[in-house]
There are 2 protein chains.
Amino acid sequence: MLSKTCEYAIKATLYLAQKAHQSERANVKTIAKAIDSPDAFTAKVLQQLVKHGIVTSVKGTNGGFFIEPQTLPNLTLLQIVVAIEGDGLVKDCVLGLKNCSNVNPCPMHDKYAPIRDNILNMLQSLLVNDLATQLEQNMIFLKSK
Amino acid sequence: MLSKTCEYAIKATLYLAQKAHQSERANVKTIAKAIDSPDAFTAKVLQQLVKHGIVTSVKGTNGGFFIEPQTLPNLTLLQIVVAIEGDGLVKDCVLGLKNCSNVNPCPMHDKYAPIRDNILNMLQSLLVNDLATQLEQNMIFLKSK
DNA sequence: GTTAATTAGGATAAAAATGTCTTATTTTGT
DNA sequence: ACAAAATAAGACATTTTTATCCTAATTAAC
């Protein structure tokens, strides 16, 4: 469903959103530990998030990553997913047909199209900021115990 | 969403289901052309379908693949998907948490769990036999024009 | 029987995804 | 200034997925 890269991107962003509520930043090692991901690979994922303007980085001692206060309020999971793997998940035919549509449907189109819409809706409606709050309240979790 | 292997497996099975309506079989080359997939790789996918009892093969001149009349009526897309890639798509946490559940949810669980159920439902409800009929009526298609 | 057509299976190859390591650059703290 | 801590970037390595090729085995047609 989602690539590992995308899983890490979402988790890292949510972790940083939590930190943002306390106006804190975090470095790669801390993030990787918090989301149970490999350090070096997580660093690469964070680089991608920086390039897409989802997180910001600071070099040097006490450096790290953080989310700008102005980006946080409207940041959705959809923006993260699209930044990492494009919009294929919410647009492409589930059987890979180039021209699949209502008038030219693949065998799964009729039943899958609404599900794809649900996925888009879910990703649009999941606000990073809200999820960060739920994380703080231990209502949701970023890794297995 | 689905692997290429799984896409080919579904399309090949549907093509053979269509053939089954005429009590015909088809060889790799014919199938690959019909579903717009690479010959050699399609052969491997068909081998997997044979091993899982979804299709049957006949060697030698005029050999090929076909679906047994007794398997066709109740064959669903779910059986094909599970045979090829296991039940991860309809069971696993979308963020890869080992113990994600209602009491221990990942950040996407609440909104994703129903979608995952919808996917399971869709796959269970899509009968290969029905789709074959729709293919014959040109209501649905296995490849782009 | 011999030949041709076909699947089975194994080896190999190429591409993509995942992951690691090393060096350069930047920044802070001393 | 210097050392330490951190990200950036590129090279490299591993694993998985996707794809190809070759040989063996089997079957039908002649």
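Chain naming here is simple, since letters A, B, ... match the order of the sequence lines and numbering starts at 1 in each. All of these numbers come straight from a predicted model, not from anything done at the bench.
For DNA chain C, the contact window with chain A, defined by any atom under 4.0 Å from a protein heavy atom, covers dT18(C) to dG29(C) in 5' to 3' order.
Remark: Y8(B) is not in phosphate contact with dT18(D), judged by side-chain N or O atoms under 4.0 Å from OP1 or OP2. Residue T5(B) places no side-chain N or O under 4.0 Å from the OP1 or OP2 atom of dT17(D).
Straight-line distance from the NZ atom of K4(A) to the C1' atom of dT15(D): 11 Å, rounded to whole Å. In this structure, F41(A) atom CZ and dT14(D) atom P are separated by 16 Å, rounded to whole Å. Remark: C1' of dT18(D) and CD of Q47(B) are 15 Å apart, rounded to the nearest angstrom. Between the CG atom of L2(B) and the P atom of dT17(D) there is a distance of 14 Å, given to the nearest Å. To the nearest angstrom, P of dA8(D) lies 15 Å from NE2 of H52(A).
N27(B) and T30(B) share a side-chain donor-acceptor pair at under 3.5 Å. Between the side chains of N129(A) and H21(A), a donor-acceptor pair is found at a separation under 3.5 Å.
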Between protein and nucleotides 1-5 of chain D, what N or O pairs are separated by less than 3.5 Å?
residue	atom	partner	partner atom	Å
dA4(D)	N3	T61(A)	OG1	3.2
dA5(D)	O4'	T61(A)	OG1	3.1
dA5(D)	N3	T61(A)	N	3.4

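Inter-residue side-chain proximity for T13(A) and I10(A) is flagged as unmet; no heavy-atom pair is nearer than 4.5 Å.
Between V58(A) and P38(A), the residue whose closest nucleotide on DNA chain C is further toward the 5' end is P38(A). Nearest-nucleotide positions on DNA chain C for K44(B) and I31(B) put I31(B) closer to the 5' end.
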